[in-house]
Amino acid sequence: MSELLTVARHWADAIVANDAARIREFVTEDWAIVSASGISPGSRLLDLVASGDLSHTAMTTVGDTRVRVFGNTAVLTARITNTAVYRGAVTDADEWTTDVFVRRGDRWVCALTHYTATALPGPE
């Protein structure tokens, strides 16, 4: 479990560093992101970061992360706050995220990310 939490922390660090190549190391080739607008290929996010159109200045886990391991698959669920800048517009987000990781050789990589905005005032 601690190995997965470490991977998640390093992945968040790569996102805040706005390093598309480093972010790519934490995801599968067909990584997908699910949000209120539907399913999009993770490659779209990577392209936006690489172009500079999207950057993050903060990404923080709020509370504990729920980790469940099922053989070579793991599910991490957490509340995340982050600050993103998309084409100059700053957005602060408070979201619940679920990441599905798969073991590839000796490492864990994310195959799917799902996020949804938290309901205010927040979980208890």
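What's counted below: heavy atoms across the whole structure, side chains too, no hydrogens, waters or symmetry copies. No experiment lies behind these values; they were computed from the predicted model shown.
The shortest heavy-atom contact between V109 and V27 is CB-C, 4.0 Å. The two residues W31 and L46 come nearest to each other via the heavy atoms CZ3-CG, 4.3 Å.
Residues D99 and L112 form no side-chain contact, since every pair of their non-hydrogen atoms from C-beta on lies 4.5 Å or further apart. Contact check for V7 versus L5: no side-chain heavy atoms found under the 4.5 Å cut-off.
Taking CZ from R79 and OG1 from T97, the interatomic distance works out to 11.5 Å, rounded to the nearest 0.5 Å. In this structure, OG in S2 is found 9.5 Å from CZ in R9, a value given to the nearest 0.5 Å. To the nearest 0.5 Å, atoms CG (L76) and OG1 (T65) are separated by 6.5 Å. Note that OG1 of T113 and CD1 of I33 are 6.0 Å apart. Values are rounded to the nearest 0.5 Å. Annotation: the span from T91 atom OG1 to H56 atom NE2 amounts to 9.0 Å, rounded to 0.5 Å. Atom OG1 in T118 sits 11.5 Å away from atom CD1 in I80 (nearest 0.5 Å).
Ring pair W11/F26 is parallel by interplanar angle, where below 30° counts as parallel and above 60° as perpendicular.
Residues T83 and D92 bring a donor and an acceptor atom of their side chains to less than 3.5 Å of each other.
The closest donor-acceptor contact from the side chain of N18 to the backbone of V16 lies under 3.5 Å.
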**Message:** Working note: E3 + R107, criterion salt bridge (charged side-chain N to carboxylate O under 4.0 Å, His left out); need CA distance, chi angles, decisive distance, verdict.
**Reply:** CA-CA 9 Å; E3 176 187 7; R107 49 190 225 112; over 6 Å; no
